[in-house]
4 protein chains.
Amino acid sequence: MVKDAEQTKQNIITAALELFTEKGYYETKVSDIVKRAGVAQGTFYLYFPTKESLFIRILNNTNQAMLEQIEHIFAEKVSLEMSEEEIKESLFATIKGCKTMYREHRDIMYILRVHGVSQIPEVQKIMEEADQSLHRIIIHLFKKFQLFPEYDQNAYEIAARAIHGMLTETCLHYIILQESTEEDITKVARVLTEMIYDMTLGSK
Amino acid sequence: MVKDAEQTKQNIITAALELFTEKGYYETKVSDIVKRAGVAQGTFYLYFPTKESLFIRILNNTNQAMLEQIEHIFAEKVSLEMSEEEIKESLFATIKGCKTMYREHRDIMYILRVHGVSQIPEVQKIMEEADQSLHRIIIHLFKKFQLFPEYDQNAYEIAARAIHGMLTETCLHYIILQESTEEDITKVARVLTEMIYDMTLGSK
Amino acid sequence: MVKDAEQTKQNIITAALELFTEKGYYETKVSDIVKRAGVAQGTFYLYFPTKESLFIRILNNTNQAMLEQIEHIFAEKVSLEMSEEEIKESLFATIKGCKTMYREHRDIMYILRVHGVSQIPEVQKIMEEADQSLHRIIIHLFKKFQLFPEYDQNAYEIAARAIHGMLTETCLHYIILQESTEEDITKVARVLTEMIYDMTLGSK
Amino acid sequence: MVKDAEQTKQNIITAALELFTEKGYYETKVSDIVKRAGVAQGTFYLYFPTKESLFIRILNNTNQAMLEQIEHIFAEKVSLEMSEEEIKESLFATIKGCKTMYREHRDIMYILRVHGVSQIPEVQKIMEEADQSLHRIIIHLFKKFQLFPEYDQNAYEIAARAIHGMLTETCLHYIILQESTEEDITKVARVLTEMIYDMTLGSK
DNA sequence: AATGAATGAGACTTCATTCAT
DNA sequence: CATGAATGAAGTCTCATTCAT
């Protein structure tokens, strides 16, 4: 039945994601995955040709979802006419949106950031593309608000990466590495909002 | 002779570091290491009880050196009496010092950040301690300059991590992932100096 | 319906024969067969208890047919009263009949001779019986024409096998291993006719 | 020690040849080989990268030896000036030499002829080359004695193959498939000598 | 101090066969 | 009759580690 097959596949994906999160890609064996999914060894290969392909599949799923969420989070919510308070509020919402998104995909972020899977070229490619698209959005905002007017493209990229680093490093510790409450996220986002605002609009 | 033994050990360490950098911990086999080091398989185990212990040994070497360098880089070079120009210059020197240090230890940073080796608990511990000590220094500076006076300890840590993230993310891309010239480093450090100055002293 | 069932079975047999010919018995998987036959995996086992039994079934089909053809080909077409020309013509017809028969069953001959399937005891038995019956006919002809009057039974068998070897080796290369035209077959048969005639009647 | 290594390798080769002979290539598992050789599973892969490579290695060994033997066996022992008796004796010696050679390499011949290993392209290539070189020699003799003067190259090849078939088919049954005594071989060679002499020189 | 052959547990993967629907 | 998901035994191969020399 179609339903059983889909269910089995999902069970395998779920079990794998859990295990990759717990032990990393390399330390997770196909035998662990099938054991947790409650299926036989051979069943795994009915759905995924290799362990690697399963991982890429999971990564792509998440990546797809995150890219869409990023679009949405960064959708033009600020305008030049806003007051300082309004801009800060919008910035805060954006940052918090990011954090929440990372929390939602905590498992896969954990694997990527903590365990590292970059031996697989496909994985590297996906990650780079994801980074790129976030940088594009940040640079777009820089230009819109005419921040750093003296910067060249290279300097913009450095600045975008720096902002990106602020977001991911704090996410890593407060969201990915530990369970975090709504309140925790709010606090982190609040601090980052202040810092970023000061660094950008606040100092102009 | 003692000298030969020391040399052999060093050959193994060097070969291993190269290979870990090229292929990551999991994809580097003991057989690869001994081949490159030009010794027999058994010789490896004369110097290191396990492959893991070799990695930890390498990591510790680097870590030790980096901690000392960090102390030195962040040694009180700024004071409250300095002019804006002087402070900026000092900040720039510090950031550039960090970058240069990362470049020096590019290999091991590459392994840790790109390949990921956190399956090994010992490795996690070492990395966390390194992070902690950098954060302590940053927070100390925050307090010295009475930045963010309204922050509690938690908020300070978030801010420190955010600064840390700016440094490491830009290092990752401009120094660890690619060969970088003195000039490249200077440029990255210059941009970061501006950003951090604006974010902290500049906005007060 | 009975008709559909028979059709399904035939589809499986046809697909299997093609695949066995292309890849040999061991490299042909049941999954390949059902895929080409356009039926589900389980359907296979509705008609054949095992993969091996399917092969034996195919082999038996062919063997049955070939035995009958051999009878027919070697049916007494020569008599002691014939002229040299007539005998040669009859010999030629016989040899060519053999070749044509081999060509007709090229697939299965290919599998047996090129891929080898003799791990299966049943298969060995069938092949041996087929050989035996051909030898009996050849020996019968030897005796009829009083060739090799000094031979004992053992020597007759050796001679029969030698003739058999001439036929099969040339068949293997000119008929089984390559597509062959009517003309090709004629040529091979013509050469063999000369050789065999010289070896037997011609030298008496 | 070099000696141990060589010995171990030889043990593996010997065990493998025995098993390939008994069960064929496909039914012989690496685990069978190491068990019989008295070494651990991993040891196998110290000497041979794959099971296939071991087989090819064995085949090449034999093939090399046989080619040299063939050269020797067929070395010009006949001349146009010889008497019928002398020629027959020389022919007999040649045929018997072939038989003896096949007996010496009975194992590998058995595998090739009975089990079939032609899925492996390398194996096919080696076998074809071996056949070719035998045919060349036979054709050379045809021409030397001006047998079949009316034949074209193609007809020569057919005739050579036919002779080859006589030799191999009788070898297969009297030498490869069963233990054979010196006497058995002599008898088979005697019969073949008569047949081939009649077919060629005898009828001119 | 060094060698390198040997080990064996265990990884990934395949595939003939079963069985609930 | 037919399906196709599921099974699990068994195969090939890897590699960190040991040990006799």
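Chain letters run A, B, ... following the sequence lines, proteins first, then strands; residues in each count from 1.
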>> Both G38(D) and P49(C) contact DNA chain E. Which one's nearest nucleotide lies toward the 5' end?
In response: G38(D)
>> What's Y47(D) touching, base or sugar-phosphate or nothing? Going by heavy atoms closer than 4.0 Å.
In response: sugar-phosphate
> Separation of K29(A) atom NZ from dC13(F) atom C1', in whole Å?
Replying inline: 14 Å
> Can you list the stems that DNA chain E is part of, where a stem is at least 3 pairs in a row, each Watson-Crick or G-U, with both distances below 3.5 Å?
Replying inline: E:2-21 with F:2-21
>> Rounding to an integer number of Å, can you tell me how far Y26(C) OH sits from dA16(E) P?
In response: 12 Å
> According to a strict under-4.0 Å criterion, is T8(B) in side-chain N/O contact with OP1 or OP2 of dA2(E)?
Replying inline: yes
>> Quick one, L59(A) with I111(A), criterion side chain to side chain contact (heavy atoms under 4.5 Å, CB included). Give me CA distance, side-chain angles, the key distance, then yes/no.
In response: CA-CA 10 Å; L59(A) 182 57; I111(A) 299 165; over 6 Å; no
>> Just the rounded figure in Å: distance from P of dA16(F) to CG of L19(B).
In response: 12 Å
>> Less than 6.0 angstrom separating the ring centers of H115(C) and Y110(C), yes or no?
In response: yes
> What's the CD-P distance between Q7(A) and dT21(E), to the nearest Å?
Replying inline: 15 Å
>> Quick one about N60(C) and Q64(C) (side-chain donor to acceptor, distance below 3.5 Å, no hydrogens or angles considered), yes or no?
In response: no
> How close or far is atom P of dA6(F) from atom NZ of K9(A), stated in whole angstroms?
Replying inline: 12 Å
> What's the closest nucleotide to the A40(A) side chain, out of dT7(F), dT7(E), dC15(F)?
Replying inline: dT7(F)
> To the nearest Å, how far apart are E27(D) CD and dA16(E) P?
Replying inline: 12 Å
> Does the distance from a Lys or Arg side-chain N to an Asp or Glu carboxylate O, for E18(C) and K23(C), drop under 4.0 Å?
Replying inline: no
>> Measure CZ/F48(A) against C1'/dT14(E) and give the value in whole Å, please.
In response: 18 Å
> Could you state the NZ-P distance from K35(A) to dG8(F), rounded to the nearest angstrom?
Replying inline: 14 Å
>> Heavy-atom nearest nucleotide on DNA chain F for K51(B) versus F44(A): which residue maps closer to 5'?
In response: F44(A)
>> OP1 or OP2 of dT7(E) versus the side-chain N and O atoms of T43(D): is any pair under 4.0 Å?
In response: yes
> Where the side chain of L46(C) is defined as all heavy atoms beyond and including C-beta, which of dA2(F), dC12(E), dA5(F) is the nearest nucleotide?
Replying inline: dA2(F)
> Is it true that a side-chain atom of K51(B) and a backbone atom of T28(B) form a donor plus acceptor pair closer than 3.5 Å?
Replying inline: yes
>> Can you tell me if Y45(B) touches the phosphate of dA2(E), counting only side-chain N or O atoms and a distance under 4.0 Å to OP1 or OP2?
In response: no
> Quick one: does D131(A)'s side chain have a donor or acceptor within less than 3.5 Å of a partner on E128(A)'s backbone?
Replying inline: no
>> Students often mix this up, so state it plainly: with edges at 30° and 60°, are the rings of F20(D) and F55(D) parallel, tilted or perpendicular?
In response: perpendicular
> Considering only dA16(F), dT3(E), dT17(E), which nucleotide approaches the side chain of Q41(B) most closely?
Replying inline: dA16(F)
